[in-house]
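These numbers were taken from a predicted model, which means no experiment stands behind them.
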There are 2 protein chains.
Amino acid sequence: MRKLPAKLASQLYGAAELIAERGLDATKIEDIAEATGIPKATIYYHLDGKNAVLEFLLSDLLDMIAGAVGVAVSTAEDARTRLVAAVVAQLEVMLEHPYLCRALVGDLGRATRLPELALALRAAFYEPIEQLLNDGVADGSLRPVADPAAVAMSVFGAITVAGLSAAVDGPSDDPNADAARLSAAICELLLNGLATDRAGETPNLRAT
Amino acid sequence: MRKLPAKLASQLYGAAELIAERGLDATKIEDIAEATGIPKATIYYHLDGKNAVLEFLLSDLLDMIAGAVGVAVSTAEDARTRLVAAVVAQLEVMLEHPYLCRALVGDLGRATRLPELALALRAAFYEPIEQLLNDGVADGSLRPVADPAAVAMSVFGAITVAGLSAAVDGPSDDPNADAARLSAAICELLLNGLATDRAGETPNLRAT
DNA sequence: TCACATGTTGTACTGCCAGTACAAACTAGC
DNA sequence: GCTAGTTTGTACTGGCAGTACAACATGTGA
């Protein structure tokens, strides 16, 4: 598949707000052509149909998140500080692109196959966070966890749903302030937990 | 909008696996008719089109989650124990309906309008959890948090993404064992946090 | 038991739109 | 100057969501 010319690539973002608002199904190719300024025949020349617009936008968003999180977890700070930075990094990317996030969450199955998305998230987020958890045990800033994979997914979920809620509320006047506020709450939760008393074991309800 | 007859309602679940696999767009009404055993004209008599199938399924899933979480947070136990029960409850509902969860996450924008989903989640999950957080401060089992709304969303996100990951992996031989394993990891994270040292304040990076 | 209302469903049909084909003109590279 | 790739307007096809309608079945109330 040929690489999309940079000009067209940036123009495709013009479709994000439209798709966020209407959903892909209710958005005609003609509408996308008008919103992006790319004629319909040109879209079909470069992309494999309407779904490919979202495929491209998802791929770009994941690259941005992977890049930002990659930078955040690669500093010389201790693991705890880097975890905080990773939370901030993902939230900032999401809140800088609220329409893009909304468009994708509404039609995720048309942007990718979900098992492929799981693989992409593994590479972009879960593995770096699992590595960070290991680093934290090594440098003493984080506690060991029994199931790092489940923890990494939950960290991603905590960030994503909070970020999406902000994105659904509509673009903010100050995305960076929102990212700071949300990340403070999320980091407080993820680092310190909610329990007043750190009992040795979590009660295990409903083991059946 | 008339209430769907119970027989038809239960038959509609037959479409969940199909839609989970192909996506709604690639699933014809004829396919849904065949998978559910409901003739096409009958579907159109009772529902307002293809999207209404997912609307119905989403509504049902949210009711199940709201019901299960509602029961979990209403026992006489302390708030911490009830929070654990709520995590288990949501995961169990999700893992008992993996195809339904996958179908909905792939075509969420066709099942509902996202602002409406936000309102439904507020009622079904966020408010009960925020109330629980308040109860926990009162009974001393949970620490106060500065932003209960953000915490409730993050709790939901942590559970949902972990549950979806399990759902995407395909139905398990033992959904209750998966729910127990995941909920142990999630509760450990949410209650005890990852930090070794509960510093007074979370470092506030990137305040710009 | 009858009349009426509602539910069920097969089938034919319409309109819309994704996507294709093709041709013409432009641009890039050698 | 030639060739290949890019850009794009326009006409077109096929598939399918959704509608209309008619016929039959079931339920309800008097």
Problem - Rounded distance (Å) that lies between atom P of C:dC17 and atom CG of A:N51 - result: 16 Å

Practice task
Please report, rounded to the nearest Å, how far the P atom of C:dC22 is from the OH atom of A:Y44.
Solution key: 17 Å

Handout entry: Under-3.5 Å donor-acceptor pair between B:K50 side chain and D:dG18 base
Key = no

Indicate yes or no: does [X] engage [Y] in a salt bridge with an N to O separation below 4.0 Å.
X      : Y      : value
A:R143 : B:E188 : yes
B:E127 : B:R122 : yes
B:D31  : B:R22  : yes

Exercise for the section: Fit a plane to each ring of A:Y13 and A:H97, take the angle between them on a 0 to 90° scale, and name the class: parallel (under 30°), tilted (30 to 60°) or perpendicular (over 60°). Expected result: tilted

Practice task
Would you jot down, in residue-number order, the residues of residues 5-39 of chain B having a non-hydrogen atom under 4.0 Å from DNA chain D?
Solution key: B:T27, B:K28, B:I29

Handout entry: Other residues, nucleotides, ligands: >12 heavy atoms within 6.0 Å of A:E96 CD
Key = yes

Exercise for the section: Using only side-chain N and O atoms of B:Y45, determine if any of them is under 4.0 Å from OP1 or OP2 of C:dT8. Expected result: no

Practice task
Can you figure out which of D:dT7, D:dT19, D:dG9 approaches the side chain of B:K40 most closely?
Solution key: D:dT19

Exercise for the section: Compute whether any side-chain donor of one residue and acceptor of the other, for A:T160 and A:Q90, lie under 3.5 angstrom apart. Expected result: yes

